[in-house]
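All remarks here apply to the structure that follows.
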Amino acid sequence: GDVDAGGLTNSATFTAGSGALPPIERVGSARFTTDQRASLAVEKAATPDSGVEVGTVVDYAIHARNTGTVTLANVEVTDPMPGLDGLTCTPPAPARVAPGESVDCVARYTVTQADVDLGTITNTATALMSAGASAPDHHHQPTKLSAAIAITTGTKIPATLSAKRC
């Protein structure tokens with residue numbers, strides 16, 4: 001509403017007079033502007049977040065919250081990780097997100113032998129947003145924000161070694 005519009009103007013009219021006197025009418029108005037700030041915070045979580053092995057299914061959750069004062073338009077979350085099993089977001093992209101509201105996304109990934117051999121899985125999600133049409137021009141430039149998470153894999157390498165003296 002008013003914040004997205006950049007402010008509010010309020011007017012009042014005063015009218016006085018009687019039959020013998022001419023009517024008097026005065027109009028007064030006031031305008032105030034609002035703080036228009038486009039801002040988005042992105043967080044990412046993985047479950048489980050350590051000790052995974054080949055075949056473990058990792059559930060990713062991405063939370064992109066409007067931390068600004070204006071409604072954001074065209075909010076979209078992407079996660080280009082190869083092997084990711086779908087990225088589902090609520091509300092779906094492109095989303096309009098009011099201040100304090102968020103876009104929440106989920107995806108699944110199955111751990112591979114290559115992940116275990118590497119010892120870690122790093123995954124990055126990116127949120128793209130632009131401010132609504134009523135925000136100042138400098139807010140119309142799209143903004144990208146990213147959140148990354150690393151998962152430590154579990155390895156099954158024997159810890160005991162034996163040596164024989166010759």
Side-chain angles (χ1 to χ4, degrees), residues 1-14 26-112 114-116 118-153:
D2 297 335
V3 174
D4 285 343
L8 175 71
T9 300
N10 185 5
S11 297
T13 303
F14 171 79
R26 299 288 186 259
V27 177
S29 65
R31 173 156 178 78
F32 67 91
T33 58
T34 56
D35 175 30
Q36 291 184 300
R37 188 173 24 87
S39 179
L40 188 69
V42 183
E43 297 174 353
K44 186 168 191 169
T47 305
D49 62 1
S50 65
V52 297
E53 299 174 358
V54 174
T56 301
V57 175
V58 177
D59 291 311
Y60 287 107
I62 302 131
H63 181 77
R65 184 174 181 269
N66 181 348
T67 56
T69 61
V70 294
T71 300
L72 302 177
N74 304 314
V75 176
E76 184 176 353
V77 175
T78 60
D79 192 332
M81 182 178 191
L84 199 62
D85 184 18
L87 179 68
T88 306
C89 298
T90 305
R96 283 188 64 78
V97 184
E101 293 183 356
S102 63
V103 173
D104 292 299
C105 304
V106 294
R108 293 188 131 188
Y109 177 76
T110 302
V111 178
T112 66
D115 297 325
V116 173
L118 189 59
T120 188
I121 302 165
T122 301
N123 179 270
T124 302
T126 301
L128 177 67
M129 61 112 186
S130 60
S134 61
D137 288 339
H138 65 276
H139 291 303
H140 287 285
Q141 297 301 318
T143 303
K144 282 186 178 182
L145 300 160
S146 297
I149 190 162
I151 300 170
T152 305
T153 61

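Because only heavy atoms are used, hydrogens play no part in the values below, and waters and symmetry mates are left out as well, while side chains stay in.
- Here the straight-line distance linking atom CG of Leu84 with atom CZ of Arg108 works out to 11.5 Å at 0.5 Å rounding.
- When all heavy atoms of Thr71 and Ala98 are compared, the pair lying nearest together is OG1-CA, 4.0 Å.
- Using modelled atom types and a 3.5 Å distance limit, the side chains of Thr126 and Thr78 yield no donor-acceptor pair.
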- Task: Give the C-alpha distance, both sets of side-chain angles, the deciding distance and a yes or no for side chain to side chain contact (heavy atoms under 4.5 Å, CB included) between Ile121 and Val111.
- Result: CA-CA 8 Å; Ile121 302 165; Val111 178; 3.8 Å; yes
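- The minimum heavy-atom distance between Leu40 and Ala127, with the atom names listed, is CD2-CB, 3.7 Å.
- Going from atom OG of Ser39 over to atom CE of Met129 covers 6.5 Å, rounded to the nearest 0.5 Å.
- Taking all atoms of both residues into account, the shortest heavy-atom contact from Val97 to Ser102 is CG1-N, 3.8 Å.
- Contact detail for Ala46 and Val58: the closest heavy-atom pair is CB-CG1, 3.9 Å.
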### Query
Taking it one step at a time, do Glu101 and Asn66 satisfy side chain to side chain contact (heavy atoms under 4.5 Å, CB included)?
CA-CA 6 Å; Glu101 293 183 356; Asn66 181 348; 5.7 Å; no
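- To the nearest 0.5 angstrom, Tyr109 atom OH is 11.0 Å from Thr56 atom OG1.
- With Ile62 as reference, Asp79 is the one residue of Val103, Asp79, Asp104, Val106 to meet the side chain to side chain contact (heavy atoms under 4.5 Å, CB included) rule.
- Across Ala107 and Gly86, no two heavy atoms sit closer than the pair CB-O, 3.0 Å.
- Taking CG from Leu87 and CD from Glu76, the interatomic distance works out to 9.5 Å, rounded to the nearest 0.5 Å.
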